[in-house]
Participant: 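One structure is given below, represented as structure tokens, and several questions about it will come after.
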Amino acid sequence: MKHKIKLKKICLICLLVLLFYALLTSLSIYLYGNADETRTADAAIVLGAGIQGNKPSPVFEERIKHGIWLYKNGYVKKLIFTGGKGEGKKYSESFIAKKYAVENGVPEKDVLIEEQSTITRENLEYVTEIVNDNNLSTFLIVSDPLHMKRAMLMAKDCGFHAYSSPTKTTKYESVKSKTRFLARETFFYIGYQVYGIFK
């Protein structure tokens, strides 16, 4: 009986520790999203976020707009859009992003794309060959604020000399949508950390 009580106490303590760690991680993700390291760099890497037909999703569109703003205001010389073809899609995310950027005044020669990735880690891994071929060495990572902490961790793990440049606007505006996004990012951030420890 005593052993069962002791085991329950240990399990409860472990659960409380995990919950506390998750809360701290959520807070750090939220605060990191408010940090803007935007400065001059060789290129902006804009992380994909889905398309709808032949248009970027509302979330992706805000990221693309921010990348265009960085280019037009002299922060970067190149835009690198990431994202492959989703299931059943005719075009890749990065192709649609490039089309959008060119239609909004960015010279085609200054837009680079990778069309293989399906997740954030791949977004960054598949960009490596592009940056090497174009002699690019410093980068601004563009995504939604709550996505930045995980994206930056992955960028550094991929060896990029990168800085955080979160979007000024985001489609995650309501408390409900922000809470869901934060919970999702907390789960994936912790998962990536654990994977990084054991891989």
Side-chain angles (χ1 to χ4, degrees), residues 29-30 32-39 41-124 126-127 130-131 139-152 154-155 160 162-185 188:
I29 289 171
Y30 177 80
Y32 192 94
N34 294 323
D36 190 340
E37 301 174 339
T38 299
R39 64 194 69 190
D42 293 335
I45 300 175
V46 182
L47 302 180
I51 58 175
Q52 297 174 351
N54 61 350
K55 295 181 179 180
S57 69
V59 171
F60 195 20
E61 185 175 14
E62 296 307 312
R63 298 181 187 183
I64 298 168
K65 285 179 179 178
H66 185 59
I68 293 171
W69 182 88
L70 291 171
Y71 178 87
K72 290 186 174 181
N73 283 275
Y75 286 101
V76 296
K77 298 175 183 176
K78 300 284 185 183
L79 293 178
I80 304 174
F81 293 113
T82 67
K85 287 183 182 180
E87 187 175 347
K89 299 293 185 181
K90 185 177 180 180
Y91 303 106
S92 69
E93 294 178 17
S94 54
F95 175 84
I96 295 299
K98 178 178 180 177
K99 181 173 177 290
Y100 187 103
V102 171
E103 289 175 351
N104 283 274
V106 180
E108 190 170 356
K109 66 181 179 61
D110 289 334
V111 183
L112 306 170
I113 62 174
E114 72 78 23
E115 298 185 276
Q116 303 176 69
S117 63
T118 57
I119 57 175
T120 301
R121 175 74 188 208
E122 290 178 354
N123 285 165
L124 295 160
Y126 293 143
V127 160
I130 293 173
V131 303
F139 308 92
L140 298 178
I141 305 297
V142 175
S143 191
D144 287 82
L146 294 177
H147 188 216
M148 290 308 310
K149 188 172 178 68
R150 183 162 63 96
M152 288 300 297
M154 290 180 173
F160 289 113
Y163 302 95
S164 168
S165 186
T167 58
K168 304 296 183 184
T169 56
T170 177
K171 289 302 177 182
Y172 296 102
E173 297 173 337
S174 69
V175 173
K176 185 177 180 180
S177 63
K178 285 182 179 179
T179 301
R180 284 182 175 177
F181 193 11
L182 181 57
R184 177 182 179 277
E185 278 303 307
F188 283 114

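Only a predicted model underlies this, so the values are computations on that prediction, with no experimental measurement involved.
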Participant: Taking all non-hydrogen atoms of both residues, which atom of L140 and which atom of R39 are closest, and how far apart?
Facilitator: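 Distance-wise, the nearest heavy atoms are CD1-O, 3.4 Å.
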Participant: Answer yes or no: is there a donor N or O on one side and an acceptor on the other, between the side chain of E93 and the main chain of A49, under 3.5 Å?
Facilitator: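 Yes: the side chain of E93 pairs with the backbone of A49.
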Participant: What's the verdict on side-chain contact (heavy atoms from CB on, under 4.5 Å) for Q116 and E122, showing C-alpha distance, side-chain angles and the deciding distance?
Facilitator: CA-CA 8 Å; Q116 303 176 69; E122 290 178 354; over 6 Å; no
Participant: As a test of understanding, state which of V131, N123, L124 forms a side chain to side chain contact (heavy atoms under 4.5 Å, CB included) with E114.
Facilitator: N123
Participant: Is there a side-chain contact (heavy atoms from CB on, under 4.5 Å) between H147 and F181? Walk through the geometry before answering.
Facilitator: CA-CA 8 Å; H147 188 216; F181 193 11; 3.9 Å; yes
Participant: Got a second to check how far I130's CD1 is from L112's CG, nearest 0.5 Å?
Facilitator: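 One finds 6.0 Å between CD1 of I130 and CG of L112.
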Participant: Between the main-chain N or O of G48 and the side-chain N or O of T82, is there a donor-acceptor pair closer than 3.5 Å?
Facilitator: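 Such a contact is found between T82 side chain and G48 backbone.
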Participant: Could you tell me which non-hydrogen atom of A97 sits nearest to which non-hydrogen atom of F60, and how far apart they are?
Facilitator: CB-CZ, 3.7 Å
Participant: Indicate the atoms forming the closest heavy-atom contact of S143 with L47, along with that distance.
Facilitator: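 Closest approach of S143 to L47: CB-CD1, 4.0 Å.
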Participant: Any non-hydrogen side-chain atom of P145 less than 4.5 Å from a side-chain atom of N34?
Facilitator: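 Answer no - side chains too far apart.
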Participant: With a 4.5 Å limit on heavy-atom distance, are the side chains of K99 and E103 in contact?
Facilitator: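 Contact flag for K99/E103 side chains = yes.
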Participant: Checking the side chain of E37 only, and the main-chain atoms of S164 only, is there a donor and an acceptor separated by less than 3.5 Å?
Facilitator: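 Checked: pair present.
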Participant: Which distance, rounded to the nearest 0.5 Å, do you find between the CZ of R63 and the CD1 of I141?
Facilitator: 11.5 Å
Participant: So which heavy atom on M154 is nearest to which on T120, and how close?
Facilitator: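 Here M154 and T120 meet closest at SD-CG2, 3.7 Å.
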Participant: Run the numbers on V111 and Y71 for side-chain contact (heavy atoms from CB on, under 4.5 Å), then give the verdict.
Facilitator: CA-CA 10 Å; V111 183; Y71 178 87; over 6 Å; no
Participant: Shortest non-hydrogen contact from A101 to I68?
Facilitator: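 Shortest heavy-atom contact: CA-CD1, 3.7 Å.
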Participant: Scan residues 70-81 for pairs that pass salt bridge (Lys or Arg N to Asp or Glu O under 4.0 Å), counting only residues two or more places apart or in two chains.
Facilitator: K78-D110
Participant: Would you say T38's side chain and S165's backbone share a donor-acceptor pair under 3.5 angstrom?
Facilitator: no
Participant: How many angstroms lie between atom NZ of K65 and atom NZ of K168, to the nearest 0.5 angstrom?
Facilitator: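 One gets 15.5 Å once the value is rounded to the nearest 0.5 Å.
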Participant: Once rounded to the nearest 0.5 Å, what's the spacing between atom CD1 of I80 and atom CD1 of I113?
Facilitator: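 With rounding to 0.5 Å, CD1 (I80) is 11.5 Å from CD1 (I113).
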Participant: Hey, could you give me the CZ/CD1 distance between F81 and I64, rounded to the nearest 0.5 Å?
Facilitator: 5.5 Å
Participant: Angle between ring planes, F160 versus F139, binned at 30° and 60°: parallel, tilted or perpendicular?
Facilitator: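 Perpendicular, since the angle between the ring planes exceeds 60°.
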Participant: For the residue pair H66 and V142, what are the closest heavy atoms and their distance?
Facilitator: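 Closest approach of H66 to V142: CD2-CG1, 3.7 Å.
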Participant: Verify the neighbour count for atom CZ of R180: are there more than 12 heavy atoms of other residues, nucleotides or ligands below 6.0 Å?
Facilitator: no
Participant: Could you check whether atom OH of Y32 has more than 12 heavy atoms from other residues, nucleotides or ligands sitting under 6.0 Å from it?
Facilitator: yes
Participant: About how many Å separate CZ of F188 and CD1 of I29, when rounded to the nearest 0.5 Å?
Facilitator: 11.5 Å
